[in-house]
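Reading through the structure tokens given below for one structure.
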Amino acid sequence: GSLYIVDILSSPTLKITTLLKNNGAITRIIEIVTDPLFKGISKDQEQMLSTKWKTGFIKDGEYHFKAMGEFKNIKEIRNEGYSMQLIKKIGLFTITNEYREIFTKKSLELEESSQNPFVKLSRELSKISTKKSIVLYKLSVPGEILDTNAPQQTKGQTVLWTISVEKILIADKDYEMFVKYKTNNWTSIALILIITLTASSIYSIRAMQQKKEAYAKQKEMAKEYAEAKDFLGTAYKRRGLYKEAITEYKEAIKSKPDFALAHYNLACAYALNKDEKNAILYLKKAHELDKNLINAELVDKELENIKNKI
């Protein structure tokens, strides 16, 4: 028979998932996937991690070490030893963000003083492997991606890098990841909206006030015009020019429909002009508008012909 030698030793893969949030907070998930025969990390290795990290172990085919950290801002996560920066350029409606993170050659070397604890842990585990170590870095941003140096295609708001640790060491230079993305400047948008609504409200209030003032002025002018027409009609009536008086009284009523005296005077003009029907009609309307005109009617000689017909 044939003899098959199966290499069951897989390379430790360091998976880093970083989630940037609109409020500046950052969630970081670290996974180290290694050989199925691996039994766990030592207490000394656990002590390398700060209290910011929640750790766990998942046994599923390969051995998974997992840690998750929640950070309020980029300063907090930089204190954990990550060479990370976020530059913001604030515009009127949008904010352009430039995210950069560097895997330094120094941090990937097995030096106690310079190494990130997770990178160090991954590198130590690689000692038992015959394969090269890799870093899978996934970054999710809270906006539209404008530019990146990720070799893979971006998917929505997420980009992915596959980084060979050995290549960085051979190239003898740092590896920088870069993403440029934009978010909405909600503070500026809200401020502009508040200013717009306030200005609109002030304009509406002023327009209403102006309309109210114009209406009051128009009403006052209509009253003055109606009184002038009523006065002119009375002048015509006293001279016996009843048709002219009727025309002027009608103009007065047209300008001010609730002008009771103009209705009464028009009734008198119709009565003097022998038009009893219209005289009665406008006299009744005058009574509806002002009951006090009844007393004037009882003593007014101009209505002598129709008093008994009302």
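One-based numbering along the sequence shown.
Between the CG atom in Leu14 and the CD1 atom in Ile163 there is a gap of 9.0 Å [rounded to 0.5 Å]. Between Ile29 atom CD1 and Glu70 atom CD the span is 8.0 Å, to the nearest 0.5 Å. Rounding to the nearest 0.5 Å places OG of Ser83 at 6.5 Å from CZ of Arg78. Remark: Asn278 CG to Ile246 CD1 distance equals 8.0 Å, nearest 0.5 Å. Atom OG of Ser140 and atom CG of Leu19 lie 5.5 Å apart (nearest 0.5 Å). With values rounded to the nearest 0.5 angstrom, Leu193 atom CG is found 10.5 Å from Ser200 atom OG.
Between Lys182 and Leu146, the closest heavy-atom pair is CB-CD1, 4.0 Å. Of all the heavy atoms in Tyr249 and Gly233, the pair that sits closest is OH-C, 3.3 Å. Taking each heavy atom of Asn97 and Lys88 in turn, the nearest pair found is OD1-CG, 3.4 Å. Here the closest heavy-atom approach between residue Tyr242 and residue Lys237 is recorded as CE2-O, 3.6 Å. Closest of all the heavy-atom pairs between Ala262 and Asp230 is CA-OD1, 3.5 Å. Closest approach of His263 to Phe259, counting heavy atoms only: ND1-O, 2.9 Å.
Counting only distance, with no hydrogens or angles, the side chain of Asn273 and the backbone of Asp275 share no donor-acceptor pair below 3.5 Å. Of the possible polar contacts, none joining the Glu176 side chain to the Ile102 backbone as a donor-acceptor pair under 3.5 Å is found. For Thr196 (side chain) and Ile192 (main-chain N/O), a donor-acceptor pair under 3.5 Å exists by modelled atom type. With hydrogens and angles ignored, the 3.5 Å screen pairs no side-chain donor or acceptor of Thr18 with any backbone N or O of Arg28. Between the Asn73 side chain and the Glu76 main chain, a donor and an acceptor come within less than 3.5 Å of each other.
With hydrophobic clusters built from ILVMFWY side chains whose heavy atoms lie under 4.5 angstrom apart, Leu86 shares a cluster with Tyr137. Met84 and Ile16 end up in the same hydrophobic cluster when Ile, Leu, Val, Met, Phe, Trp and Tyr side chains are linked at under 4.5 Å. Placement of Met68 and Leu136 in two distinct hydrophobic clusters is found when ILVMFWY residues are connected by side-chain heavy-atom separations under 4.5 Å, directly or transitively. Under the 4.5 Å side-chain contact rule for hydrophobic residues, Ile195 and Phe93 do not share a cluster. Two different hydrophobic clusters hold Leu289 and Tyr282 under the rule that ILVMFWY side chains link at heavy-atom gaps under 4.5 Å.
Taking a 6.0 Å sphere around CZ of Phe178, one finds it holds more than 12 heavy atoms contributed by other residues, nucleotides or ligands. By the 6.0 Å contact criterion, CD on Glu220 is enclosed, its count of non-hydrogen atoms from other residues, nucleotides or ligands being greater than 12.
If you check the side chains of Lys21 and Thr27, you find a donor sitting under 3.5 Å from an acceptor.
Each of Glu244, Arg238, Lys243 was evaluated against Leu241; a single residue qualifies, Glu244, per the side chain to side chain contact (heavy atoms under 4.5 Å, CB included) test.
Using a 4.5 Å cut-off on side-chain heavy atoms (C-beta onward), Asn185 and Thr94 make no contact. Annotation: side chain of Tyr270 is not in contact with side chain of Ile280 (no heavy-atom distance under 4.5 Å). Annotation: side chain of Val135 is not in contact with side chain of Tyr175 (no heavy-atom distance under 4.5 Å). By the 4.5 Å heavy-atom criterion applied to side chains, Asp290 and Tyr264 are not counted as neighbours.
Partners of Asn79 according to the side-chain hydrogen bond (donor to acceptor under 3.5 Å, both in side chains) rule, which considers only residues two or more places apart in sequence or in another chain, do not exist here. When the side-chain contact (heavy atoms from CB on, under 4.5 Å) test is applied to Pro142, the partners found at least two apart in sequence or on another chain are Leu20, Asn22, Tyr181, Thr183.
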Tell me, with the steps shown, if Asn149 and Trp161 meet side-chain contact (heavy atoms from CB on, under 4.5 Å).
CA-CA 9 Å; Asn149 68 342; Trp161 287 265; 3.2 Å; yes
From CA spacing to verdict: side-chain contact (heavy atoms from CB on, under 4.5 Å), Lys285, Leu266:
CA-CA 11 Å; Lys285 184 64 176 178; Leu266 180 57; over 6 Å; no
Tyr99 vs Leu139, test: side-chain contact (heavy atoms from CB on, under 4.5 Å). Steps then yes/no.
CA-CA 10 Å; Tyr99 175 88; Leu139 174 69; 3.5 Å; yes
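At a threshold of 4.0 Å, the pair Glu227-Lys256 does not count as salt-bridged, since none of the basic side-chain nitrogens sits closer than that to a carboxylate oxygen. Note on Glu248 versus Lys229: salt bridge recorded, some NZ/NE/NH1/NH2 to OD/OE distance being below 4.0 Å.
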